[in-house]
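The structure under discussion appears below in the form of structure tokens.
Only this structure's heavy atoms are used, side chains among them; waters, hydrogens and symmetry mates stay out. All chains are named by letter (A, B, ...) in the order of the sequence lines, taking the proteins before the strands, and each is independently numbered beginning at 1.
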Amino acid sequence: MNEMNITSAQYNSLDGENVSIQVVIDGVSLSVPMNPANRHYAEIMRQVEAGELTIADAD
Amino acid sequence: MAKDKLTDYDSTTPSNNTDIGGISVAEGMLPSAVNNSIRELTKQLGAFADGTDGIDVLSLADDDASHAIKLQAPASVTATTTFTLPDGDGASGQAMITDGAGTLSWAAPYGNRNLIINGAMQVAQRGTSTSMAHDGTTNSYGIDRFKMSISGTHGELDGTYAQVSDHPLSANGTSLKWTTGTAETSYDANSYVYFTQKIEAQNLQHLNYGNSNAQSVTLSFYVKSSVTGTFAVGFYKEDTTTRIFNQTYTINSANTWEKKTITFAGDTAGGGIVNDNGAGLWTSWHLAAGSGAVGGGSVGAWKSYNDLTDWADGQATNAVMTTASATWQITNVQLEVGETATPFEHRSYGDELRRCQRYYYRISESVVGAGLMYGIGSYYATNDLRVLVNLPTQMRTTPTVESSSTTNDFRSLRAGGSDYFTSILSAGGTFVNQAHLYTSNVSGTAGYSGVIGTGGTGTSFMGFDAEL
């Protein structure tokens, strides 16, 4: 029942470290912390593991 | 004076009680007066027993009759009132309450008994109206803590999820309202629509789920819809064994506020609710369900969740979603321990806002005003400004950061100037009580301080999302 329409995902990097994931969900840009208790991160990881989403490297 | 009822008798001087209902029992009375006076006395006892005549004080003496507990009416009673006691004892810690009509029952003590946050739909930090569409936003927390989901395959559906000034009891109260725009022609088997509030698991430990002493809970709410019929409402538990329990309610009259009260037995199986900051119970109101989202047998009792057929079982109409301009509204949602619905627990706006901000916090120019500063920090490098935003309460978990994105929504102040930019490009790191924001759209001096504020567009905002 957790459904999110994620249309893009890219790591945000700071000082050479990935610190969050920039995603667009339902057309809204979000910075998602890499914490499994965060619902957005949990769904991102679910979709990645299901092969439905790829997270691009940071610029 | 004739003693016509028990309260007429002199309790200290027996010789004063020589006239029982007009029958003399004084010295030398006629023998027939013995029978008659006993009959009169039993009539008076009968009148006492059935409540026709009362007594002044009910005295319950202790074992040696040295002291007593006494119950009595006030000196002056405006109107005769009958109190009906509950059928047996309540649970530990419960208090006796009245329904306003003299019927007493056991309920959790007033104050902090509503497990639902924002049940009166007062707080809408994200705004008072959200457009939903099958090909657009399909999941949204429009009103704080109440998520709407359009799930599965929809081909036409869109509409508006709004906070409106329409309330069953208050002239200026608020309610949650769904209005269908373009109706869905028909429902695919795997399609469904619902509103839900997910309750944090660690706030539900007193329900004792998974144990034999699991507590019943009672859900009450006002609902109004342009569509009559039978709707499903229920609980879904994710932890350990996934469990579900739906019940149904009927909207009898179109466009009329109706109060619904539904009691759910506690779940004695399923392994209980893990004591953490995850989702404990989903409380869901179903608005539509295809044939594949009903029929699983989850109505009436807890069962282990099998598949989607359990999800909205009991939902008997999809007309809210298949009828253009159809509406469905709800407010004064209360979920409490016990089998009685007590009056809705009013909380102040500030109290509800603080509770909501554990899950979502928005600071916006339209609410706070022009000149709002989000955070203060320093230039790590010429094109690298990092600022700190303190959150008003500890959030449930590390929040997602969202920001508005209108041109020049944000402005950084630096020595002798400012830079405008459109969004906070990334969050350098967030915690449950603060967020570190970062932007490269600046040109300051490394080591100098700087701030990020609104750009004066009127649309600037930042949001922090730790919803379940």
Quick one: are B:Tyr379 and B:Asp384 in side-chain contact, heavy atoms under 4.5 Å?
no

Residue B:Thr137 versus chain A: region with a heavy atom under 4.5 Å
both

Tell me, do B:Gln197 and B:Ile117 make a side-chain contact under 4.5 Å, heavy atoms counted?
yes

Measure A:Asn38 against the heavy atoms of chain B and call it side chain, backbone, both or neither at under 4.5 Å.
both

Would you please name every residue forming a side chain to side chain donor-acceptor pair (under 3.5 Å) with B:Arg243, sequence neighbours left out?
B:Asp267, B:Ser304

Does a side-chain N-to-carboxylate-O contact under 4.0 Å join B:Glu467 and B:Arg396?
no

Do any pairs count as a ring pair (Phe, Tyr, Trp, His ring centres under 6.0 Å) and have a residue in residues 142-162 of chain B, sequence neighbours left out, and if so which ones?
B:His154-B:Tyr187, B:Tyr161-B:Phe195

Per-residue contact mode, B:Asp276 against chain A (heavy atom under 4.5 angstrom):
neither

With respect to chain B, which residue among A:Val23, A:Asp15, A:Ile21 yields the maximal number of heavy-atom pairs within a distance under 4.5 Å?
A:Asp15

Which atoms of A:Val32 approach chain B - backbone, side chain, both or neither, heavy atom under 4.5 Å
both

